[in-house]
Each structure stands twice: as structure tokens, then as C-alpha cells.
Asker: 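The following block contains the structure, expressed as C-alpha cells.
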2 protein chains.
Amino acid sequence: MDPRTLETLRAIGTQGGVTAAAAVLHLTPSAVSQQVALLQREVGVHLTERVGRGLRLTPAGEALAEAAMDVAVALERARAACDEFLVRPQGVVRVSAFQTGAQLLLPALLTRVARSPLLAGITLECTDEDVAQDDFVALTDRMDVVVAHRPDDGLGWAGGGAVEVVPLLREPLDVAVPIDHPLAHRTEVHPDDLRDLPWIAVREGFPVATVLGAVGARSGSAPRIVHRVNDFHVVEALVEAGHGVSLLPRYTFGGEGRVRLVPLVGVRAGRRIDALLRRDRAERLVVRRVLDELRALAVEIGTA
Amino acid sequence: MDPRTLETLRAIGTQGGVTAAAAVLHLTPSAVSQQVALLQREVGVHLTERVGRGLRLTPAGEALAEAAMDVAVALERARAACDEFLVRPQGVVRVSAFQTGAQLLLPALLTRVARSPLLAGITLECTDEDVAQDDFVALTDRMDVVVAHRPDDGLGWAGGGAVEVVPLLREPLDVAVPIDHPLAHRTEVHPDDLRDLPWIAVREGFPVATVLGAVGARSGSAPRIVHRVNDFHVVEALVEAGHGVSLLPRYTFGGEGRVRLVPLVGVRAGRRIDALLRRDRAERLVVRRVLDELRALAVEIGTA
DNA sequence: GTGACGATGTAGCGTCACTGCATGGATCCG
DNA sequence: CGGATCCATGCAGTGACGCTACATCGTCAC
């Protein structure tokens, strides 16, 4: 019953396979396979079952993986109990964020952490991660804090009780039009104003892809999507050049003077930015501190 | 942060030293010493401090030891989660009891466990342990279930949140007198009837040693203790031979025809029999099952 | 059917934790 | 006051365990 082995089992569950689990654990697939084989011998129950050329956890495996998280939490709590006696806790915290979230939050976060003397022991390692909506949770295995976004009205995050969700802020999505567009001088637009316009959307399955659908539903006609581009800077350039209109997040917008952003009313268009982290990682003192800064930063942005 | 190492730290705390901890862990003192040295290097805080030629845990060490129990609990819970998928859980359960408790409970417990087909996988290992009042808790490190007794009115068990206390039953203490004693034909006696009698008590510091003091206090004069004997069979023989009177537990009494047991009224004289077990051990499915049987057995005895 | 991918065994190797022994304080007792 | 004892700790040696690398087998896609 080694916690490492338990964590390995968990990784197989969340990552969906031996090879993927091995990747996040920095091990070879062989090692992972041997670990679960030994674990199964120990508990006397089948924990995995083959499905196609991969495998998944059995109910018993799921149960054990769930319990494994509690073990990890207890362990981190123990470590934190010691850190309380340290003047200044040390450690690296790995933070990932989707591109515009990174742009919005990470520079200020780094500044805040660097400025505070109490956080001097903390080393931040930042990454930007562009993944599909459903894949944000899986990132928590590699990262300590994952800044993710989801449609305003969408459901929460799947992940069982394993991930903690910390709401950071809500960012409205405005309609981006060229500066010479008929709508450019409006102070607000209704979904009805947007009928038959050529849309530039994000790729299917990616966050806020569904928002445009909601706008279309409100106006009564499905939006005409002419391009699918994930990078908002590219989107801005396309809108500026008159190749279509789009929905762009307000706080991250950087196209002033080249593109007009018009608030959308009559439909709730926005995205929620959350911090995702595994329950065990949340116990780490340094992670908690970083999270506090992140939350404070979000409040600052939301009230500005 | 190995759970084994954490358990070692805990053992140093509960057993009060490296050597004692090594004994219960089946290790050499050297190994224990090296483990804590490594652990201290890892957390960066002093966990132990020398006191005389022994050592004790620092506040940080205590905190970590406390957290270590939560880790152990989580681990056992994980193991239990797997056992739920087993038709019949297997494992050995080590039970210890003080002598008369063992006499009263263990035979019937073994019978019950052997009889039930659902408990067929359980192997019971019984021991009798005669220790001072304060040392019962420490036994939980070596045993799964410790049947202990304490004065009726006494305080509970020290042990922080680490040990679970399961009350089993209350056993009255009666006055044991020779069959030809003036009090032998009474249906009950008061403390006042006992003035100036020669008493046979248990050794200082051992369970129920304090009860006699309470009887004396009620009668107004300190009891005259002529012998101190822990083994109740020896006490019975001494009483039978007219060397004094004593307080003997009612359910365990085996001297019918040779010694008279007279109920004592006017003062609350009795002992409580509890099962003590570490919180992590309590999570083990097989331990739970045994504990259920033990509790049912106690109810049976108490209502007989 | 062939190629790619994914899981799983086997051999070899490095690492790590334990035992055994020696050392150095601290306490107890003559 | 000094020898004996107890306890914790450091160091060398050894054994076990878990990892990597490589080979194998089964499954899916084209």
C-alpha cells in the first residue's frame, strides 16, 4: 500500500491509460504496469480491466483510487503541519493557464509573489496550456494550479471529488466588429442585431465554443460560422481585416483602435475563470499562498 | 514522507523513545534513528529533542505525529475500500486483554468468531497483558484491540485523538469475605460495615486500585491494606484463608463455595471495561468485525 | 495484411533501508 | 568521584526492491 503506487493507480484512472499515466509520473509504462500488478496481488482484487488495447479501472479500482486521494491529502497535510513551524515555507508551484488567462493573470501574479517578502521562498513555474474543455482537469495531475475557463452557463467541472474548484472571476464576452462596421458605434447590441453576420468561432470542444450557440438561439437563427480560430490575437486580426465578427473576452482585449468591442445585451454571454487544483495539492502551504494571491488579483481585476 | 517513517515518529512519541519504538516496530534502534534523521532533513524542522539520555518529540514532531495518524487512517481506509469487494475479508487480528477480562471475554469471542461463516477469514491472536493503568494505551501500538479496565469514576484514557475507546461493559466490584465471616450472610454491605477490616488491594497504579480509596473515604477512615496482590485468583485464596477481605469483580468471580461475594451499596464501586484501539486499526474491516462481536458479547454478559 | 500503438513480461542495474558494531553522552550507584 | 549501564547515533556492509531498457503479444486502423 505505497502512496506512490496508489497515486499511480489514480493517474491511470484520470489519464486513461498506462502510457499516459507514466508520462505525468515521469516513469516508463513498464514501471507503471508492474506497480499495479503488485498492488493487485496485494489487495487480491482486480483493479484494472482491458478495454481494446488500453485499459480502465474496475469499480474496485475506482474505489481505491478515490481513497488514494484521501491518502495524498493526509500526506500533504502532514507536510503542511511541519511547514507551519517554518518561518518561510519554500517550494515550487507550477501554474498553468489558458492563453488569455495567462496574459491577464500571470504577469501580475508573478509581480505580487515577487513583491511579498513572506512569499520569498516560493518559486513559480508558469506554463500556458491550450486544451479542450474536458481536458483541463487532467492537467491538475501535472500542475499545481490550473487556471481554466468555461462558458458562463455551462456545468461545472467533472473530476469527482478529486479537484477543488476556486472561482476567480467572470469575464463578459463582447461582440468584436471592425471599426468601420455599422455596429461599431453602438453602445450595445442585441442578438437580433447579429443575424446573418459571418462569425469567427473557436474550435469545437474548446471553452466558450458553446456561447455563440446560445446567442444564435436567442436571435432565432443559427450563427453562420465562417472560420474556427482559437488564438484571440488571430481572431482580432481577422475581424480587423473584415473577415467576420466574433465574441472576445473584455478584460483580455488588446485591439483598441483596430477593432471595436460592443457589449452584448439580451443574452448572458461570458466566461467563468476558475482555478482547478487537486485536493492534495491544495493542502500544500505554498500552493495555498499562491492561490490567495491569485484570488486577490482576480478581485482587483473584477472591480477595476 | 514515507508513511512508515511517519509511523516510526509516532511510535517514538507514544512509546517514549527510540529503543522502545524500535521494539514495537520490529526494527533496530539504529534504523529508527536513521529514519527520523532523514525525516528531519526532509522537512527542515527539528522533530525530536534530547532529554536526559532519552528523547522526546518537539511541538513540530507532535504535530507531525498527529498528522501521521490521519495518514495511517487514510491508508487503512483505502485497504478497506478494496476489502469491500472481497467476499470474505481475511487477516489476523491481535487482541489483548487484562487477565480477568481475558477470562471473561476471550473464550466466548473465539467461539463466536469461529462459529460465524462470514468471519471465517479472520485469525484471532489473543494475549493477556497485565500492565499499569497508564500503559494500556501504549499497547495499542502492538495490538489491534486492547481490552482494558479502569475505575468506574476515573477519567477516560489519555491518548489524544489517536485511540478510539469502545465501552464494553461495567462490572460491579463486590466485597469478598470468607464464608465464615460475620458479613458472609448479609445480602449487602455499607462502607461503614467495613471499618478496620484488613484489606487485600491491587498494586499501586494498577486499575481499580483507586476504588478502595473511595470506599474508605465514604466510611470516614482510610482502609487498612495488609497485602497488595494483582492476581484475583491469589486474592481469592488469601480471602478464603482468612487473611483479609477484598474487592472482586462480580462477573469474573470463580470462588463460589469458598468465598462469599457481598454486593456493596452506598458507594459506586465498579470498573469499566473498554476496548482500546488505534484509529487506523479501527478502519480495518476485520478489526471492525471482531469489535462488533466483542460488543455483542459484552451486551450478552451485561444483561445475563 | 501490415504498421502503429498500447500493455506486459524479463534481465540487469542502481539505490535505499536495514543489521551489526562501535562511539559518545547521561544517569545511577557503590 | 569513577565505573557500570542505558540510550541514541554514526558508519560500513548487504540484501531487497523498483526502476530502465528491450522484447513480446494483442488490438485497432488503413
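From a predicted model like this one, the values you see are computed outputs, not experimental measurements. Every chain is numbered from 1, with letters handed out A, B, ... down the list of sequences.
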Asker: What is the distance, to the nearest angstrom, from the CZ atom on B:Arg53 to the P atom on C:dT23?
Answerer: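 Taking CZ of B:Arg53 and P of C:dT23, I get 21 Å after rounding.
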Asker: Taking CD from B:Gln35 and P from C:dC16, how many angstroms apart are they, rounded to a whole number?
Answerer: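 Whole-Å distance recorded here is 15 Å.
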Asker: Identify the two heavy atoms, one from B:Ala201 and one from B:Leu212, that lie closest to each other, and give their separation to 0.1 Å.
Answerer: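 For B:Ala201 versus B:Leu212, the nearest heavy atoms are CB-CD2, 3.9 Å.
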Asker: Roughly, in whole Å, what's the span from CZ in A:Arg56 to C1' in C:dG6?
Answerer: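 Spelled out: CZ on A:Arg56 to C1' on C:dG6 is 16 Å.
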Asker: Report which part of the nucleic acid A:Thr28 touches: base, sugar-phosphate, or nothing (heavy-atom distance under 4.0 Å, all strands).
Answerer: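 Answer is base: heavy atoms of A:Thr28 come under 4.0 Å of a base.
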Asker: To check you understand the geometry: which heavy-atom pair defines the closest contact between A:Arg288 and A:Ala282, and what is its length?
Answerer: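 Smallest heavy-atom distance, with atoms named: CG-O, 3.2 Å.
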Asker: Side chain of A:Ala31 only, please: which of D:dC19, C:dC18, D:dC7 is the nearest?
Answerer: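 Of the candidates, D:dC19 comes closest.
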Asker: Separation of B:Gln34 atom CD from C:dC21 atom C1', in whole Å?
Answerer: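 Interatomic distance, CD of B:Gln34 to C1' of C:dC21: 12 Å.
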Asker: Let's test your reading of the model: under 3.5 Å, does the base of D:dA21 pair with the side chain of A:Ser30 as donor and acceptor?
Answerer: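 It does, because a donor-acceptor pair links the side chain of A:Ser30 to the base of D:dA21 below 3.5 Å.
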Asker: Provide, to the nearest angstrom, the distance between the CG atom belonging to B:Leu55 and the C1' atom belonging to D:dC6.
Answerer: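 Spelled out: CG on B:Leu55 to C1' on D:dC6 is 13 Å.
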Asker: Separation of B:Arg41 atom CZ from C:dA17 atom P, in whole Å?
Answerer: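 Going from B:Arg41 (CZ) to C:dA17 (P), I get 12 Å.
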Asker: Indicate the ring-plane relationship of A:His149 and A:Phe98, choosing parallel, tilted or perpendicular according to the 30° and 60° boundaries.
Answerer: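 Parallel.
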Asker: Between the side-chain atoms of A:Ser33 and the base atoms of C:dG9, is any donor-acceptor pair under 3.5 Å?
Answerer: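 Per atom types, no contact qualifies.
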Asker: State whether A:Arg50 places a side-chain N or O below 4.0 Å from either non-bridging phosphate oxygen (OP1 or OP2) of D:dC28.
Answerer: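 Result: no.
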Asker: Rounded to the Å, how far apart are B:Leu25 CG and D:dA8 C1'?
Answerer: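 In whole Å, D:dA8 C1' and B:Leu25 CG are 16 Å from each other.
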Asker: Quick test of your reading of the model: are A:Arg77 and A:Glu283 salt-bridged, counting only N-O distances below 4.0 Å?
Answerer: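 Yes, charged N to carboxylate O under 4.0 Å.
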Asker: I need the CG-P distance between A:Leu39 and D:dG18, as an integer number of Å.
Answerer: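 After rounding, the gap between these two atoms is 11 Å.
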Asker: For A:Arg278 and A:Thr14, test the side chains for any donor-to-acceptor distance below 3.5 angstrom and give the result as yes or no.
Answerer: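 On atom types as modelled, these side chains do not qualify, holding no pair under 3.5 Å.
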Asker: Closest-nucleotide mapping onto DNA chain D: is A:Leu27 or A:Gly52 further toward the 5' terminus? I mean the 5' end.
Answerer: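 Between the two, 5'-proximity favours A:Leu27.
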